[in-house]
Engineer: 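Here you go, one structure.
Naming: A, B, ... by sequence-line order, numbering from 1 per chain. What you see is a predicted model, and the numbers here were worked out from it, not measured in a lab.
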2 protein chains.
Amino acid sequence: MHAEVVQQKASLESIQSACSCSAGPAYKLFQGVGTRKEAETAEDWQSADLLIKWSVHTIPARRTICHPKEWSEFVTVICQGWAVSSITLSDGRRQILSFLLPGDFVSAASLVEPISDRSVEAVTEVTYRKFKRSDFKALLVEFPDLTERLSTIWLDERAQADQLALDLGRRTADERIARLILNLMERLAMRGMVNVQTMEFPLRQRHIADATGLTPVHVSKVLGEFQRADLIEINNRSLIIKNEKELRRTADWR
Amino acid sequence: MHAEVVQQKASLESIQSACSCSAGPAYKLFQGVGTRKEAETAEDWQSADLLIKWSVHTIPARRTICHPKEWSEFVTVICQGWAVSSITLSDGRRQILSFLLPGDFVSAASLVEPISDRSVEAVTEVTYRKFKRSDFKALLVEFPDLTERLSTIWLDERAQADQLALDLGRRTADERIARLILNLMERLAMRGMVNVQTMEFPLRQRHIADATGLTPVHVSKVLGEFQRADLIEINNRSLIIKNEKELRRTADWR
DNA sequence: CGGATAGTTGAGTTATCTCAAATGCAGTGG
DNA sequence: CCACTGCATTTGAGATAACTCAACTATCCG
């Protein structure tokens with residue numbers, strides 16, 4: 001309804017650039033793929049086999065992108081804005097599994113099979129693209145390199161999941177929140193979205209709470225302490241890291 | 001050192017039976033694979049391409065199977081006994097990511113790339129088999145079906161990881177422990193290792209604590225309550241579920 | 001300007017932790 | 001076979017991190 005939809009056919013190269021962010025998994029997945037065919041002419045790139053259809057959508061903040069039980073035939077890539085992927089219990093308790101930034105797949109797993117039980121929701125206004133999974137799989141057959149890369153991305157996601165469990169099971173509130181901030185900063189930095197320790201920070205405290213397994217009230221208190229201790233400063237939906245060293249210490253980083 | 005090693009060559013069929021447990025992922029991975037070749041003769045199964053080497057190892061309880069930084073070229077399958085896969089912080093805090101039962105791969109991810117940072121440790125005496133990853137990958141090329149199945153197993157593991165995060169972030173101690181028990185019972189039942197609600201239960205309370213993000217002391221208290229409430233009974237390293245319905249309720253199961 | 005959503009702060013509560021002591025139990029060496 | 005050492009479990013008492021509730025303020029958006 002609120003989605004503006006554009007349908008296009010595209011070459012591999014343009015798929016890549018469609019993936020927005022040169023540091024995101026989506027871009028990396030396609031980067032340099034096709035080198036196996038470099039002896040052949042550029043026209044090959046334009047052959048029908050390499051064409052893929054996508055659609056572009058834009059939705060306002062707080063809207064749902066995928067519903068938990070949706071069994072979609074599409075693969076989604078975030079192109080602009082922040083989103084969040086979570087599971088919710090029937091009584092409303094919610095756990096955020098990851099924040100999605102430009103260039104992220106909603107989940108690498110979704111490239112191969114529809115994901116279930118997770119819901120994805122826009123934090124800011126979000127622009128995303130959708131590919132048909134079957135088109136994508138055809139590419140996988142065409143370019144075996146892709147499979148190799150896919151598994152790398154997948155592995156990465158799993159390492160993230162392991163760290164999440166460790167954080168939730170074994171770290172204090174201060175550590176969890178500090179690491180969340182550092183983690184986001186690192187990911188944004190790779191995308192060139194950090195400027196002298198300053199980044200956009202559209203998250204509500206409720207998002208931080210659901211990501212760290214805490215309460216919004218408690219998040220507020222911890223962020224308050226962090227600010228009073230001059231570790232960070234939050235203003236106008238942007239966050240400045242004022243004392244990275246100390247923040248890392250409280251995060252028990254490395 | 002304590003490992004008794006046997007090297008063998010094996011056909012696909014025998015790989016499968018080597019994977020011990022007809023309900024484990026390892027067995028399922030190979031089940032029915034090769035149907036694409038059913039028009040051909042049985043000799044094909046014995047062709048050199050299908051041979052793979054494995055070694056069998058047995059280690060006593062509490063010994064380490066893989067060290068965190070080990071970058072092994074092998075894929076490991078648990079054949080007998082219980083093991084545990086975990087990450088540990090430098091200060092000793094530890095999070096168990098999964099319990100490994102007969103027929104489980106140490107991690108599906110390890111089939112494609114060496115895993116890092118996780119350590120695997122025997123709970124009971126454990127027998128496991130090791131394949132060379134490169135041999136395994138050769139099979140993947142030979143049998144495209146395998147890739148499809150592999151991704152199913154992988155997806156499963158990810159769903160498990162999501163649930164773990166939800167449990168650790170958003171559930172109470174009682175819920176976490178009850179679910180752990182039910183979860184193990186379900187997995188053991190698939191393997192035919194449960195008899196009238198009774199199962200082997202070699203876990204120390206320390207394992208339960210590290211899996212649920214709690215303290216051994218608190219685990220003891222909760223298990224005590226469960227027993228006093230006649231939900232379960234623990235004796236001689238075996239566990240009986242005496243009131244499954246109520247246990248499920250406290251687990252908030254389904 | 002008004003209504004909704006988000007954040008702050010304080011007071012009191014609770015789940016879980018820490019510490020510590022007592023008991024049990026299993027394997028070891030004399 | 002026993003005493004001994006080391007691990008596992010139980011139990012209680014007290015401490016604390018994080019939660020709930022509630023009131024107040026700030027911010028955003030139409």
Side-chain angles (χ1 to χ4, degrees), chain A residues 2 60-63 82 84 91-95 121-125 167-178 180 200-229 232-239 250 252, chain B residues 2 60-63 82 84 89 91-95 121-125 167-178 180 201-229 232-239 250 252:
Chain A
H2 290 264
R62 314 169 86 274
R63 201 67 47 98
W82 294 37
V84 109
D91 63 6
R93 286 178 289 180
R94 181 170 87 142
Q95 179 64 48
E121 194 182 302
V123 173
T124 60
E125 177 178 277
D167 286 353
L168 295 173
R170 290 306 190 191
R171 305 185 107 113
T172 65
D174 288 14
E175 286 175 304
R176 295 184 214 173
I177 293 177
L180 176 59
E200 293 293 310
F201 198 76
L203 300 183
R204 312 274 124 179
Q205 294 185 354
R206 150 144 281 277
H207 293 123
I208 301 178
D210 285 339
T212 53
L214 301 167
T215 287
V217 176
H218 199 240
V219 170
S220 169
K221 284 170 185 170
V222 173
L223 287 178
E225 276 165 30
F226 283 5
Q227 297 192 72
R228 261 169 265 123
I232 60 171
E233 190 185 320
I234 301 181
N235 258 324
N236 287 332
R237 308 280 143 211
S238 87
L239 187 154
T250 94
D252 189 26
Chain B
H2 289 263
R62 313 168 89 276
R63 202 66 47 98
W82 295 38
V84 108
L89 253 26
D91 63 6
R93 286 178 288 180
R94 180 170 88 141
Q95 179 64 48
E121 194 182 300
V123 173
T124 62
E125 178 178 275
D167 287 353
L168 294 173
R170 290 305 189 195
R171 292 186 190 274
T172 65
D174 288 12
E175 287 175 304
R176 294 183 214 174
I177 293 177
L180 176 60
F201 198 76
L203 301 182
R204 313 272 121 181
Q205 294 185 354
R206 148 145 281 278
H207 293 124
I208 302 179
D210 285 339
T212 52
L214 302 167
T215 286
V217 176
H218 199 242
V219 170
S220 169
K221 284 170 184 169
V222 173
L223 287 179
E225 277 165 29
F226 282 6
Q227 298 193 69
R228 261 169 266 123
I232 60 171
E233 190 185 321
I234 301 181
N235 259 322
N236 286 334
R237 307 280 143 212
S238 87
L239 187 153
T250 96
D252 189 24

Engineer: What pairs with B:Arg94 under salt bridge (Lys or Arg N to Asp or Glu O under 4.0 Å), at least two apart in sequence or on another chain?
Structural biologist: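 By the salt bridge (Lys or Arg N to Asp or Glu O under 4.0 Å) rule, B:Arg94 matches B:Glu121, B:Asp210.
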Engineer: Can you name the residues that form a side-chain hydrogen bond (donor to acceptor under 3.5 Å, both in side chains) with A:Asn235, not counting sequence neighbours?
Structural biologist: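 So A:Asn235 forms a side-chain hydrogen bond (donor to acceptor under 3.5 Å, both in side chains) with A:Glu233.
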Engineer: Return the set of residues passing side-chain contact (heavy atoms from CB on, under 4.5 Å) with A:Ala178 (not counting sequence neighbours), or none when no residue passes.
Structural biologist: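 With neighbours one apart ignored, the set is A:Phe226, A:Leu247, A:Thr250, A:Ala251.
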Engineer: Go through the structure and list residues passing side-chain hydrogen bond (donor to acceptor under 3.5 Å, both in side chains) with A:Glu200, not counting sequence neighbours.
Structural biologist: none
Engineer: With sequence neighbours left out, what residues match A:Thr215 under side-chain contact (heavy atoms from CB on, under 4.5 Å)?
Structural biologist: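 A:Thr215 satisfies side-chain contact (heavy atoms from CB on, under 4.5 Å) with A:Val217, A:His218 once adjacent residues are dropped.
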Engineer: What pairs with A:Thr124 under side-chain contact (heavy atoms from CB on, under 4.5 Å), at least two apart in sequence or on another chain?
Structural biologist: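 Per chain and number, A:Thr124 pairs via side-chain contact (heavy atoms from CB on, under 4.5 Å) with A:Trp82, A:Val126, A:Pro202.
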Engineer: Round to a whole Å and report the spacing from CZ of A:Phe201 to P of C:dA6.
Structural biologist: 15 Å
Engineer: What is the distance, to the nearest angstrom, from the CG atom on A:Asn236 to the C1' atom on C:dG7?
Structural biologist: 15 Å
Engineer: Under the criterion side chain to side chain contact (heavy atoms under 4.5 Å, CB included), I'd like the reasoning laid out for A:Ile232 against A:Leu223: C-alpha separation, chi angles, the key distance, then a yes or no.
Structural biologist: CA-CA 8 Å; A:Ile232 60 171; A:Leu223 287 178; 4.0 Å; yes
Engineer: Grab the CZ-P distance between A:Arg206 and C:dT5 for me, whole Å please.
Structural biologist: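 Computing the A:Arg206:CZ to C:dT5:P distance gives 13 Å.
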Engineer: Kindly give the heavy-atom pair with the smallest separation between B:Ala61 and B:Val123, and that separation in Å.
Structural biologist: CB-O, 3.2 Å
Engineer: Exactly one of B:Val219, B:Ile208, B:Leu214, B:Val222 should register a side-chain contact (heavy atoms from CB on, under 4.5 Å) with B:Arg176. Which one does?
Structural biologist: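 Exactly one candidate clears the test, B:Leu214.
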Engineer: For A:Glu175, which residues count as a side-chain hydrogen bond (donor to acceptor under 3.5 Å, both in side chains) partner, sequence neighbours excluded?
Structural biologist: A:Thr172, B:Arg93
Engineer: Polar pairs (N or O, both sides) under 3.5 Å between protein and nucleotides 15-21 of chain C?
Structural biologist:
from   : atom 1 : to       : atom 2 : distance (Å)
C:dT16 : OP1    : B:Ala173 : N      : 3.0
C:dC17 : OP2    : B:Thr215 : N      : 3.3
C:dC17 : O5'    : B:Thr215 : OG1    : 3.4

Engineer: Rounded to the nearest angstrom, tell me the gap between atom CD1 in A:Ile208 and atom P in C:dT8.
Structural biologist: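 Distance, rounded to whole Å: 10 Å.
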Engineer: Please determine if a side-chain N or O atom of A:Gln205 lies less than 4.0 Å away from the OP1 or OP2 oxygen of C:dT8.
Structural biologist: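 Result: yes.
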Engineer: Could you tell me the boundaries of the chain A footprint on DNA chain D, defined by atoms under 4.0 Å from its heavy atoms?
Structural biologist: D:dA18 to D:dC21
Engineer: Going by the salt bridge (charged side-chain N to carboxylate O under 4.0 Å, His left out) test, which pairs reach into residues 215-229 of chain B, not counting sequence neighbours?
Structural biologist: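 Those involving residues 215-229 of chain B do not exist here.
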Engineer: By nearest nucleotide on DNA chain D, pick out whichever of B:Arg204 and B:Arg228 is the more 5' one.
Structural biologist: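 Comparing both residues, the 5'-ward one is B:Arg204.
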Engineer: Quantify the bending of the helix from C:dC1-D:dG30 to C:dG30-D:dC1 as the angle between its end axes, each fitted on five pairs, to 10°.
Structural biologist: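 Computed from the C1' atoms at both ends, the axes differ by 40°.
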